[in-house]
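Single-structure report; data block below.
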Amino acid sequence: MKKFFQRDSIATGLVAGLGSELGYCIVLTAGLLIAGLAPLEHVRWYAGMFVCLILVLHRYAKRHEYPLVAKTLIVVLFATFIPFIIYLLKSNTLTMQ
């Protein structure tokens with residue numbers, strides 16, 4: 001498993017990027033449910049998943065051995081960030097004044 005994340009491939013970038021976002025969302029949802037809070041009332045808290053993705057991106061970009069993974073992570077960041085912001089705007093969770 002460790003060797004998989006030491007390869008410079010698109011699959012590594014997708015698994016690392018989407019996995020970090022999914023892991024954050026699962027932990028946050030579990031924490032909210034344990035606390036007795038409704039996850040849909042705290043949708044803005046899910047924006048923290050992008051911090052995890054940026055940290056993974058920083059790790060792969062800092063080491064210049066993985067340029068393809070870093071590029072894939074940048075694409076994953078924008079491909080998930082834009083729909084998330086659109087969802088927040090359409091659900092009136094985030095308003096533009």
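All of these numbers come straight from a predicted model, not from anything done at the bench.
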To the nearest 0.5 angstrom, please state how far the [atom1] atom of [X] sits from the [atom2] atom of [Y].
X: Ser9; Y: Tyr66; atom1: OG; atom2: OH; result: 10.5 Å
X: Leu73; Y: Ser20; atom1: CG; atom2: OG; result: 7.5 Å
X: Leu55; Y: Tyr24; atom1: CG; atom2: OH; result: 11.5 Å
X: Thr80; Y: Leu18; atom1: OG1; atom2: CG; result: 7.0 Å
X: Leu40; Y: Leu32; atom1: CG; atom2: CG; result: 10.0 Å
X: Leu22; Y: Ile26; atom1: CG; atom2: CD1; result: 4.0 Å

Shortest non-hydrogen separation from Thr12 to Phe4 and the atoms involved: OG1-O, 3.0 Å
Closest contact, heavy atoms only, Ala16 versus Val56: CB-CG1, 4.0 Å
Do the side chains of [X] and [Y] join up, straight or via other hydrophobic residues, at under 4.5 Å, putting them in one cluster?
X: Ile82; Y: Phe50; result: yes
X: Phe81; Y: Leu14; result: yes
X: Ile85; Y: Leu28; result: yes
X: Ile54; Y: Ile74; result: yes
X: Leu89; Y: Met49; result: yes

[Y] and [X], any side-chain heavy atoms less than 4.5 Å apart:
X: Glu65; Y: Asp8; value: no
X: Leu33; Y: Pro39; value: yes
X: Val43; Y: Tyr87; value: yes

Other residues, nucleotides, ligands: >12 heavy atoms within 6.0 Å of Ile10 CD1: no
NE2/His58: more than 12 non-hydrogen atoms of other groups inside 6.0 Å: no
Test ring pair (Phe, Tyr, Trp, His ring centres under 6.0 Å) applied to Phe84 and Tyr46, step by step: CA-CA 9 Å; Phe84 182 73; Tyr46 287 93; 7.8 Å; no
